[in-house]
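These notes are about the structure you will find just below.
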Amino acid sequence: MEMTVGEFRALMATGAKIAGGSPLHAAFHRYSQEALRVTAELNGHYHEPAEIRALLSELWGEPVDETVGMFPPFHTDCGKNTHVGRRVFINAGCQFQDQGGIWIGDDVLVGPQTIIATLNHESDPADRASMWPKPVHIGDKVWIGAHATILPGVTIGEGAIVGAGAVVTKNVPPRAVVAGVPARILKTV
């Protein structure tokens with residue numbers, strides 16, 4: 001019997017190690033194939049905004065608010081653990097690795113070619129196929145600049161700004177402006 005999306009999300013939320021070759025690992029592959037199909041359609045030709053939202057609803061496995069906008073192309077290697085609020089805009093070329101869970105609040109701007117990652121592989125080479133999930137939470141009114149990378153387990157506080165090209169390895173306080181590699185706080189707004 002195949003794992004449901006709800007069961008998948010619940011198991012990922014535990015943060016427990018995902019053993020390579022396990023049923024949970026197999027679910028990744030099943031969802032990946034579905035994500036490849038939906039994103040091929042999304043990225044393959046022009047779609048009206050409502051059509052984009054319908055494809056995202058199929059991809060993410062939950063309704064997408066009519067205020068959400070996106071400029072494709074968009075890529076994800078799972079799709080079933082992304083949760084997006086209202087008045088969110090996702091610019092072109094973004095990549096979401098969402099198995100561990102991505103939560104995006106309201107009024108968020110995601111710059112082009114942003115990467116959000118929620119998994120790390122096991123460091124032991126003998127067990128490298130195993131993975132550790134950690135969710136990413138992006139608060140309301142966050143602005144993420146172009147080419148930013150947000151790593152597993154990071155929370156970005158409400159109203160924060162992530163500068164273009166930043167690699168965010170640690171939590172960002174509300175209203176902080178961060179930039180650099182690794183990102184560091186420059187000021188507050």
Check your understanding: Linking I/L/V/M/F/W/Y whenever their side-chain heavy atoms sit closer than 4.5 Å, directly or via other members, would V84 and V162 fall into one cluster?
Key -> yes

Practice item. State whether the side chain of S57 and the backbone N or O of V64 hold a donor-acceptor pair below 3.5 Å, judged by distance alone. Key: yes

Check your understanding: Do the side chains of N81 and W103 get nearer than 4.5 Å, heavy atoms only?
Key -> yes

Revision key, fill the gap. Minimal heavy-atom distance between V68 and G85, with the atoms involved, is CG2-O, 3.3 Å

Check your understanding: Any chain of hydrophobic side-chain contacts (each under 4.5 Å) joining W132 to F28?
Key -> no

Review point. Between V38 and L55, which heavy-atom pair has the shortest distance, and what is it?
Key: CG1-O, 3.5 Å

**Study point:** K17 atom NZ, neighbour heavy-atom count above 12 within 6.0 Å
**Key:** yes

Review point. With no hydrogens and no angle check, do the side chains of Q95 and H75 hold a donor and an acceptor under 3.5 Å apart?
Key: no

Identify every side-chain donor-acceptor pair in residues 43-50 under 3.5 Å, counting partners at least two apart or on other chains, and give the distances.
from: N43; atom 1: OD1; to: F74; atom 2: N; distance (Å): 2.9
from: N43; atom 1: ND2; to: T39; atom 2: O; distance (Å): 3.1
from: N43; atom 1: ND2; to: F74; atom 2: O; distance (Å): 2.8
from: H45; atom 1: NE2; to: E41; atom 2: OE2; distance (Å): 3.4
from: H47; atom 1: NE2; to: E41; atom 2: O; distance (Å): 2.8
from: H47; atom 1: NE2; to: E41; atom 2: OE2; distance (Å): 3.4

Check your understanding: If you count the non-hydrogen atoms of other residues, nucleotides and ligands that lie under 6.0 Å from CZ in R128, is the total more than 12?
Key -> yes

Check your understanding: More than 12 foreign heavy atoms under 6.0 Å from CZ of F71: is that the case here?
Key -> no

Check your understanding: Which hydrophobic side chains are connected to V181, either touching it within the sub-4.5 Å cutoff or through other members that do?
Key -> L151, V167

Practice item. Report yes if some heavy atom in the side chain of V154 is under 4.5 Å from a heavy atom in the side chain of T169; otherwise report no. Key: no

Point to revise | N171 to G153 - nearest heavy-atom pair and separation | key: OD1-O, 3.6 Å

Point to revise | Approximate separation, where rounding is to 0.5 Å, of I104 CD1 and H137 NE2 | key: 11.5 Å

Exercise for review: Starting at CD1 of I150, measure out to OG1 of T118 and round the result to the nearest 0.5 Å.
Suggested key: 11.5 Å

Point to revise | CG-CG distance between L109 and N91, expressed to the nearest 0.5 angstrom | key: 9.0 Å

Review point. Can you find a heavy atom in the side chain of Q99 that is under 4.5 Å from one in the side chain of D77?
Key: yes

Check your understanding: Within the distance-only criterion (no hydrogens, no angle test), does the side chain of S130 pair as donor or acceptor with the backbone N or O of G20 below 3.5 angstrom?
Key -> yes

Practice item. Could you tell me which non-hydrogen atom of M3 sits nearest to which non-hydrogen atom of A27, and how far apart they are? Key: SD-CB, 4.1 Å

Exercise for review: Count the heavy atoms of every other residue, nucleotide or ligand shown that sit under 6.0 Å from CZ of R175, and state whether that count exceeds 12.
Suggested key: no

Check your understanding: Is there a side chain to side chain contact (heavy atoms under 4.5 Å, CB included) between L119 and M12 once you walk through the steps?
Key -> CA-CA 10 Å; L119 288 177; M12 296 307 293; 4.1 Å; yes

Exercise for review: Any chance you could measure H29, atom NE2, to C78, atom SG, to the nearest 0.5 Å?
Suggested key: 11.0 Å

Check your understanding: For the atom pair CG (D106) and CG (D140), what is the distance rounded to the nearest 0.5 Å?
Key -> 4.5 Å

Practice item. Measure up the F8 and Y31 rings against each other and bin them: parallel (under 30°), tilted (30 to 60°), perpendicular (over 60°). Key: perpendicular

Review point. Given side chains that start at C-beta, do those of M131 and H121 come closer than 4.5 Å, heavy atoms only?
Key: yes

**Study point:** Same apolar cluster: I18 and V136, side chain cutoff 4.5 Å
**Key:** no

Exercise for review: Would you give the length of the straight line joining atom CD1 of I116 to atom CD1 of I138, rounded to the nearest 0.5 angstrom?
Suggested key: 4.0 Å

Exercise for review: Kindly work out whether a path of hydrophobic side-chain contacts (I/L/V/M/F/W/Y, heavy atoms less than 4.5 Å apart) joins I115 to I144.
Suggested key: no

Exercise for review: Of all the heavy-atom pairs spanning G163 and A148, show the shortest one and how long it is.
Suggested key: O-CB, 4.2 Å

Review point. Judged by atom type as modelled, is there a donor-acceptor pair below 3.5 Å linking the side chain of D65 to the main-chain atoms of R86?
Key: no

Check your understanding: Going by heavy atoms in the side chains, are V172 and K170 under 4.5 Å from each other?
Key -> no

Review point. Given E58 and L56, is the side chain to side chain contact (heavy atoms under 4.5 Å, CB included) satisfied, shown in steps?
Key: CA-CA 5 Å; E58 180 181 355; L56 291 174; over 6 Å; no

Point to revise | pair L59-F96: side-chain heavy atoms closer than 4.5 Å | key: no

Check your understanding: What closest approach, in Å, do P72 and A92 show between heavy atoms, and which atom pair accounts for it?
Key -> O-CB, 3.8 Å

